[in-house]
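This structure is in structure tokens; I'll ask about it shortly.
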2 protein chains.
Amino acid sequence: MVGMSIRNPKQSLYVQFAAVAKALGNPQRLELVEHLAQGPRSVDALATKLGLPIANVSQHLQAMRRAGLVTSDRNGKFINYRLADDSVLAAFAAIRVVAEHHSAEVERVVRGWFDRHDDMEPVTRDELASRMKEGLVTVIDVRPADEFALGHLPGAINVPLSELGSLLPDLRTDREIVAYCRGPWCVMSFEAVAELRKRGFSARRLEDGLPEWRAAGMAVEQVLRGDTAAVGGP
Amino acid sequence: MVGMSIRNPKQSLYVQFAAVAKALGNPQRLELVEHLAQGPRSVDALATKLGLPIANVSQHLQAMRRAGLVTSDRNGKFINYRLADDSVLAAFAAIRVVAEHHSAEVERVVRGWFDRHDDMEPVTRDELASRMKEGLVTVIDVRPADEFALGHLPGAINVPLSELGSLLPDLRTDREIVAYCRGPWCVMSFEAVAELRKRGFSARRLEDGLPEWRAAGMAVEQVLRGDTAAVGGP
DNA sequence: AGTTCATTCGATATAATTATTGAATGTGAA
DNA sequence: TTCACATTCAATAATTATATCGAATGAACT
């Protein structure tokens, strides 16, 4: 038969929990979670960002919807997906922590961006917040402009990684620069900090990204509706 | 070739994270996590508790070890597995929260044990701790004796679910009873509370189980080595 | 040495997941 | 209606996960 087999209550709970973990158990779907954590997105936009076929992304998103990770709503021709809950981001974070504790590979990737182990320490959210209030720091958001538009740290300036080189002359050299991007392991901010230091800047990473900042209940600034592509756009 | 394909740093991180989630993405492995959260266990003991073939459990445990969820050490003829980290329990908890937010099935299982939605509210850890200090409550641990021996709430008495009926006369009727077992969704404590209420007792569940109590840094009592089977025993 | 027993390994069969096509659906606009 | 377009569906093939069985390993005991 097509339906599920008979299980006792205990087993059926484990099945439910396992379904959630299974939906997170795929690299592409985790990447989708990270992108959706920046803000709602259409299937097409996600497929472009990940460089995957649209049908493939559509299927992953449906799997995630069945597991309760995302929800979707139609907006004209577009279907926008968004994270169902803050709990999804929390689960992703918890899984990252397990991997950090275990995996030498995670460590190795980070080491690739810095020669010395010291001074790669990130800035905590609270530390950054207080230094921002005192005006001691330049905060740069190295994500693409469309993600910046959906929300960013108050006062942050958008310096997409691809434009870092051309925008370098505009940055003050007398203040520390703090870079952030999508999350704690988003490589763009690692690259930005490495590049800035090579050019003589004093630069550090924020410990994690915009979604965690928002989830911590801290203020987020948005670009007023204008020339930037809206949700559901191409 | 046999090796993995070439990936950029970002992708290889997602692969690491996904491996952890994938290792949690199976009902039997989640059940193993819950049992290992009570204390270290041999393959044989776990297989007996889950009612699965030993070879099957062995393979699941090896998959979990590859993902960094568990570690193992040999003790004579036995190999004892234990959770690698508190972070594993935290990840399990985070996944449960996502499932609770989404799944009508989880809700349904709970409703099965209680007729009315009210007064199925569980007792929080802090509330229980303060009521224990005032001596206002009888705490019963409904897990099997071997799990009780590895650690339990201070002053709790072991009333395995199978023996609840015969031990009922020994319970005081003038104090509230709080039951707990392996974790927040361990059905044994649901059953115990339902049975106790049917018999006229005032009974509630602790919000979660012993592992969470221990992880919160609260005191845990142990049975001194004696007639109870030690770790790695049959 | 030989035996016992817990665990792991290997081989096999079955099932589930994944990526990839091209066709189908549903929406908005001409 | 007809078209263009975003998304989903259906079918396929390749890969991976899972359960099971008997054989192999490795430690303790006689």
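Throughout, protein chains are lettered first and strands after them, A, B, ... in sequence-line order, and every chain is numbered starting at 1.
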For this session: Verify the distance criterion only: is there a donor paired with an acceptor across the side chains of Gln16(A) and Ser12(A) at less than 3.5 Å?
Result: no
Problem set entry | Whole-Å gap separating P (dT25(C)) and CD (Gln62(A)) | 15 Å
Exercise. Is Gln59(A) near enough to dT17(C) that one of its side-chain N or O atoms lies under 4.0 angstrom from OP1 or OP2?
Worked result: no
Seminar exercise, completed: note: Asn56(B), atom CG; dT8(C), atom P; distance rounded to Å ~ 13 Å
Exercise. Touch check for Ala55(A), heavy atoms < 4.0 angstrom, all strands: base, sugar-phosphate only, or nothing?
Worked result: base
For this session: Rounded to the nearest angstrom, tell me the gap between atom CZ in Arg66(A) and atom P in dT18(C).
Result: 10 Å
Exercise. Roughly how many Å is it from CG in Leu30(A) to C1' in dT17(C), rounded to a whole number?
Worked result: 15 Å
Exercise. Under 4.0 Å between a side-chain N/O of Ser58(B) and OP1 or OP2 of dT8(C), yes or no?
Worked result: yes
Problem set entry | Phosphate OP1/OP2 of dA19(C) contacted by Gln28(A) side-chain N/O (<4.0 Å) | yes
For this session: Give me the ring orientation class for Phe92(B) and Phe17(A): parallel if the planes are under 30° apart, tilted from 30 to 60°, perpendicular past 60°.
Result: perpendicular
Problem set entry | Euclidean distance, atom CG of residue Leu61(A) to atom C1' of dT17(C) [Å, nearest integer] | 16 Å
Seminar exercise, completed: Heavy-atom nearest nucleotide on DNA chain C taken for Lys77(B) and for Arg74(A); more 5' hit belongs to Lys77(B)
For this session: Would you indicate, yes or no, if dA19(C) has its OP1 or OP2 atom less than 4.0 angstrom from a side-chain nitrogen or oxygen of His60(A)?
Result: yes
For this session: For Lys49(B) and Glu147(B), run salt bridge (charged side-chain N to carboxylate O under 4.0 Å, His left out): C-alpha distance rounded to whole Å, both residues' side-chain angles, the deciding distance at 0.1 Å, then the answer.
Result: CA-CA 11 Å; Lys49(B) 286 203 180 269; Glu147(B) 300 179 26; 2.8 Å; yes
Exercise. Say you draw a straight line from CH2 of Trp213(A) to CZ of Arg125(A); how long is it, rounded to the nearest 0.5 Å?
Worked result: 8.0 Å
Problem set entry | Gap between atoms CG and C1', on Asn75(A) and dT7(D) respectively (whole Å) | 14 Å
Seminar exercise, completed: When rounded to whole Å, the NZ to C1' distance for the pair Lys22(A) and dA17(D) reads 9 Å
Exercise. Nearest to the side chain of Arg65(A), which nucleotide is it out of dT7(C), dT8(D), dT8(C)?
Worked result: dT8(D)
Exercise. Taking only N and O in the side chain of Arg29(A), is any of them less than 4.0 Å away from OP1 or OP2 of dT18(C)?
Worked result: yes
Exercise. Does Asn26(A) put a side-chain nitrogen or oxygen below 4.0 Å from OP1 or OP2 of dT17(C)?
Worked result: no
Problem set entry | N/O (side chain, Tyr81(A)) to phosphate O (OP1/OP2, dT8(D)) under 4.0 Å | yes
For this session: Identify which nucleotide among dT7(C), dC9(D), dA19(D) has an atom closest to any side-chain atom of Asp44(B), counting heavy atoms from C-beta outward.
Result: dT7(C)
Exercise. For the side chain to side chain contact (heavy atoms under 4.5 Å, CB included) test, which of Leu69(A), Asp85(A), Leu89(A) pairs with Val98(B)?
Worked result: Leu69(A)
Exercise. Could you state the CG-P distance from Leu32(A) to dT7(D), rounded to the nearest angstrom?
Worked result: 13 Å
Problem set entry | Gly76(B) or Val43(A), whichever maps to the more 5' nucleotide of DNA chain D | Val43(A)
